[in-house]
2 protein chains.
Amino acid sequence: MARKSGSSGEKTRVAVQEAAVTLFAKHGFAAVSMRQIASAVGVQAGALYLYTPDKQTLLYEILKNHMEHLLAAWAAENVSAEASPELRLEQFVRFHIAYHIERPERVFISYMELRNLDPDNFSRIEVLRREYEQIIEGILVEGQAHGCFVIDDARLTTMAMIAMLTGVSTWYREGGRLAPADIAQHYVDMAFRLGGGARLAHAAE
Amino acid sequence: MARKSGSSGEKTRVAVQEAAVTLFAKHGFAAVSMRQIASAVGVQAGALYLYTPDKQTLLYEILKNHMEHLLAAWAAENVSAEASPELRLEQFVRFHIAYHIERPERVFISYMELRNLDPDNFSRIEVLRREYEQIIEGILVEGQAHGCFVIDDARLTTMAMIAMLTGVSTWYREGGRLAPADIAQHYVDMAFRLGGGARLAHAAE
DNA sequence: AACGTAACTGAACAGGCGTGCAGTTGCCAA
DNA sequence: TTGGCAACTGCACGCCTGTTCAGTTACGTT
């Protein structure tokens, strides 16, 4: 055999990325061989090099796609920059939780395999990460200026909030005790508490 | 050469663990070879097997030591079970932040390399992790019963708080903008906010 | 129907992997 | 001072690694 019947380059390209994502998430980048990826795709190892110049680039492309898609998805939410910081924080938290719950593997890889990027690729991804962090930091800073949030240290609160929100991907399992929408609601509440503006959202109390 | 002059089994045993911790933290378990560890210790690869039966056990021992030491260190804080939940939460947060800031490598490995444990070792470590999580969950639940904390979902708040607190190890660098004690204070404040008991600690505002 | 090219195989390369073990050396107790 | 053991070397084993490439087959176009 050589070329498979019904084969198409684009289909295989996608299959390679998906197989790599699944395997990297389960075993880690360094622990997965090109032969394992190839076998998951149903192809010989050599064929992978039609789609990536090397293993390192395969990882980089996965992280880059993930971050760019994340940023584009937030942009597509079309949350107006003139909306109140409270509304924007609520929207952001719902978006972040939903996005992270839906793509556990890519999220996992994206902060687990950063150290396996070579320095150049690492700093390219860092730029995108920073850009994403700026979204929430901007909301908090503006909310503080408006007086609707009470924050001691915006940078530290940003880091704490991102850690708290992203943490959902370490324990969430499909079909668990809470539905995604309930989880999102709880995180909205907790984000408001952290921001010192515990009103809105849940109202009452 | 064979035996080195001035050599002692116990010294080498410690050196092996420390070299492994440093290398695992920097490159990941799977990406580090026994030969690299040996070379960092100043020894040939074969000599490592005087101190560990295999690479897997070396990782397990590191995680186990870390978790046991963490639990023992908390116990040594001697925080009375009769103290108020507020006081206990404050003590716990200060302890957790200080501990995690002082041992970044071991902390990093302990949640990064869990998936590289074989199933038996994994569940042994999970028991210890659960035990640690119970400490904070217990404080929150009791505080809720006492009426000094206002919490919707204790389990979820626990996970959020642990993620927030442990997140410090992803960005903290020695000599950074904030001193450890300041960071701890901020995290105490934020923990109280999350727990819905924003009084105490910082007082005023 | 013939041809070019896209898709893929299968073997090969040099090097690294975890681990085992016979042999060598330094240290300490008798 | 001699024996025994603890500490370690150096090489070997079989296997796996990422990557390359000449050869083979299916598909799309002319």
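The shown structure was predicted, so the numbers you read here are calculated from the model rather than taken from an experiment. In what follows, chains carry the letters A, B, and so on, assigned in the order in which the sequence lines appear, proteins first and then strands, with residues in each chain numbered from 1.
To the nearest angstrom, P of C/dC17 lies 17 Å from CG of B/D54. Residue B/R13 contributes atom CZ, which lies 13 Å from atom P of D/dA6 at whole-angstrom precision. Rounding to whole angstrom units, CG of residue A/L48 and C1' of C/dA7 are separated by 13 Å. The distance between atom NZ of A/K11 and atom P of D/dC27, rounded to the nearest whole Å, is 11 Å. For B/Q44 and C/dG18, the CD to P distance is 14 Å, given to the nearest whole Å. Counting to the nearest Å, the C1' atom of D/dT20 and the CZ atom of A/R35 are 12 Å from each other. Distance CE (B/M34) to P (D/dA12): 21 Å, rounded to an integer number of Å.
Seen from the ring of B/F29, B/K55 counts as a face-on cation partner, given the 6.0 Å and 45° thresholds.
Checking the phosphate oxygens (OP1, OP2) of D/dA7, no side-chain nitrogen or oxygen of B/Y51 falls inside 4.0 Å. When the side-chain nitrogen and oxygen atoms of A/T12 are compared with OP1 and OP2 of C/dC8, one or more of them lie within a distance under 4.0 Å.
Annotation: the terminal axes of the helix from C/dA1-D/dT30 to C/dA30-D/dT1 meet at 10°, where each axis is the rotation carrying the C1' atoms of four end pairs onto the next four (5 pairs per end, rounded to 10°).
A/L194 approaches A/T157 most closely through the heavy-atom pair O-CG2, 4.2 Å.
Toward the 5′ end of DNA chain D lies the nearest nucleotide of B/A47, the other residue of the pair B/A47 and A/K55 mapping further downstream.
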